[in-house]
Amino acid sequence: MKLPICLILLGLGAMAAADWPGGKEQFPSFRNLSGLPGGAFGVTRNGEIGLRGAMGLSTPVAHSLGKNRWAIGLANLSSTREPRFFDFNESGNTTTNGTLQFMGGFEGGRYGRLTVGGAILSGVGDSVLNLHWQVPLSHESFALGIGVQDAFSTGGSAGEGHPSDGESSASLYAVATSELAPDLYLSLGLGTRRFEGVFGGISYALTPRLGALVEYDTFGWNTHLSYDLGTWKNLSFAGHSARFVLGAGLVKGEFFFGSLNILF
């Protein structure tokens with residue numbers, strides 16, 4: 001049953017065609033990796049990392065990374081469906097949009113769990129700070145998260161060169177995640193600015209090492225497959241061996257997206 005569910009999810013995300021994201025309140029720098037928990041890798045309700053947890057792409061899930069859990073990821077968004085990595089056209093302009101995300105988890109006991117992180121959005125060093133708090137709940141299959149992406153509004157809301165890029169890009173949100181069945185998660189949320197309106201997604205672990213995702217990020221449908229390449233015991237941090245997760249998908253059904261996360 002798992003393979004048909006995967007194909008349905010990926011088919012839903014390919015419905016919409018789109019132009020290259022950019023312009024007033026299009027938030028192009030925030031349309032691939034979110035820099036928030038679950039960004040192309042899974043997080044469980046208890047803060048463990050792995051593809052059997054809830055996963056998002058450019059939208060958050062409710063779950064927060066657990067104590068001493070860390071993630072760093074590199075992503076590249078092409079201007080077409082063709083895979084392009086750090087590519088330039090004849091005019092010397094880039095045809096890709098790269099993002100570097102990083103985050104760490106902190107336990108607050110009865111006060112919940114906090115993820116602190118952010119992202120570097122461009123080669124000139126544009127960076128943002130993100131905060132995500134998992135509300136302390138005792139429910140075994142439901143979680144609630146509250147957070148802010150780009151807390152200091154440094155990422156821009158329209159893209160470099162657009163007159164309205166200086167408008168606020170700080171985006172508040174609240175998101176709920178429910179485990180509908182083993183390894184099958186539904187996330188729904190709403191927020192301001194980049195998250196204005198309703199966003200959400202469904203992620204599913206086909207196997208412990210292969211996860212599928214479809215999400216609606218308020219701009220359109222995104223799809224993604226992530227594959228766990230396994231651990232590298234020679235590289236460790238905070239007592240955890242490095243785990244490599246490779247991913248690929250489509251943003252708005254039209255732009256190729258590739259990612260690599262290193263999880264500890």
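Numbers here simply count residues along the sequence, with the first being 1. From a predicted model like this one, the values you see are computed outputs, not experimental measurements.
When side chains are defined from C-beta on, P37 does not count as touching H63, because their heavy atoms never get closer than 4.5 Å. With contacts defined as side-chain heavy-atom distances shorter than 4.5 Å, the pair V175/F199 qualifies. Taking the side chain as every heavy atom from C-beta outward, Q149 and F30 approach each other to under 4.5 Å. Taking 4.5 Å as the limit, some side-chain heavy atom of I120 sits within range of a side-chain heavy atom of F102. In this structure, the side chains of F41 and S226 stay at 4.5 Å or more apart for every pair of heavy atoms. With contacts defined as side-chain heavy-atom distances shorter than 4.5 Å, the pair V116/F106 qualifies. Side-chain contact check for I72 versus L100: some heavy-atom pair is nearer than 4.5 Å. For the pair R243 and F264, the minimum side-chain heavy-atom distance is 4.5 Å or more.
Legend: residues meeting salt bridge (charged side-chain N to carboxylate O under 4.0 Å, His left out) with E48, ordered by chain and number and at least two apart, are R69.
Rounding to the nearest 0.5 Å gives a distance of 7.5 Å between CD of E107 and NZ of K67. Atom CZ of F255 is separated from atom CG of L250 by 10.0 Å, given to the nearest 0.5 angstrom. Rounded to the nearest 0.5 Å, atoms CG (L33) and OG (S58) are 9.0 Å apart. The CZ atom of F244 sits 9.5 Å away from atom CG of L263, with the distance rounded to the nearest 0.5 Å. Atoms CG and OG, from L57 and S203 in turn, are 11.5 Å apart once rounded to the nearest 0.5 Å. One distance of note links CD of E25 with OG of S164; it measures 7.0 Å at 0.5 Å rounding.
Using modelled atom types, one finds a donor on one side chain and an acceptor on the other under 3.5 Å when comparing Q101 with N261. Side-chain atoms of N222 and E215 include a donor-acceptor pair closer than 3.5 Å. Side-chain contact, S241 with T231: no donor N or O sits under 3.5 Å from an acceptor N or O.
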**OP:** Would you please test I49 and W70 for side chain to side chain contact (heavy atoms under 4.5 Å, CB included) and show each step?
**Re:** CA-CA 9 Å; I49 52 179; W70 303 86; over 6 Å; no
**OP:** Verify side chain to side chain contact (heavy atoms under 4.5 Å, CB included) between T218 and V198, making sure each step is shown before the conclusion.
**Re:** CA-CA 6 Å; T218 77; V198 177; over 6 Å; no
**OP:** Apply side chain to side chain contact (heavy atoms under 4.5 Å, CB included) to the pair Y173 and H132, showing each step before the final yes or no.
**Re:** CA-CA 9 Å; Y173 64 84; H132 178 92; 2.7 Å; yes
Subject >> Derivation of the side chain to side chain contact (heavy atoms under 4.5 Å, CB included) call for E167 and R193 >> reply: CA-CA 10 Å; E167 296 179 2; R193 302 300 294 154; 4.1 Å; yes
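Here the closest non-hydrogen pair linking T99 and S29 is OG1-O, 4.3 Å. Residues L51 and P208 come closest through the heavy atom pair CB-O, 4.0 Å. Closest approach of F27 to F219, counting heavy atoms only: CD1-CZ, 4.0 Å. The two residues A212 and L225 have their closest heavy-atom pair at CB-CD2, 3.6 Å.
Side chain of N130 to main chain of G117: no donor-acceptor pair is present (N/O by atom type, distance under 3.5 Å, no hydrogens or angles). Of the possible polar contacts, one joining the Q134 side chain to the S64 backbone as a donor-acceptor pair under 3.5 Å is found. Remark: the backbone N or O of L210 is paired with a side-chain donor or acceptor of T207 at under 3.5 angstrom. A donor-acceptor contact shorter than 3.5 Å links the side chain of R209 to the backbone of D228. No side-chain donor-acceptor contact under 3.5 Å links S259 to the backbone of L74. At least one donor-acceptor pair closer than 3.5 Å links the side chain of T115 to the backbone N or O of L65. With hydrogens and angles disregarded, no donor-acceptor distance shorter than 3.5 Å links the side chain of N32 to the backbone of L77.
Checked options S168, S169, S127; the residue passing with D150 is S169 (criterion: side chain to side chain donor-acceptor pair (under 3.5 Å)).
No chain of hydrophobic side-chain contacts below 4.5 Å, direct or via other Ile, Leu, Val, Met, Phe, Trp or Tyr residues, connects I146 to Y185. F195 and L131 end up in different hydrophobic clusters when Ile, Leu, Val, Met, Phe, Trp and Tyr side chains are linked at under 4.5 Å. One hydrophobic cluster holds both I202 and Y216 under the rule that ILVMFWY side chains link at heavy-atom gaps under 4.5 Å. Following chains of ILVMFWY side-chain contacts shorter than 4.5 Å, one cannot reach L213 starting from L36, and the two form parts of different hydrophobic clusters. Residues L180 and L144 share a hydrophobic cluster, clusters being chains of Ile/Leu/Val/Met/Phe/Trp/Tyr side chains in contact below 4.5 Å.
Between D217 and R194, at least one side-chain N (NZ, or NE/NH1/NH2) sits under 4.0 Å from a carboxylate O, which counts as a salt bridge.
The ring-ring contact (aromatic ring centres under 6.0 Å, His included) pairs that include a residue from residues 135-156 number zero, where partners must be two or more places apart or lie in different chains. Under the side chain to side chain donor-acceptor pair (under 3.5 Å) criterion, no residue pair touches residues 33-46, with sequence neighbours excluded.
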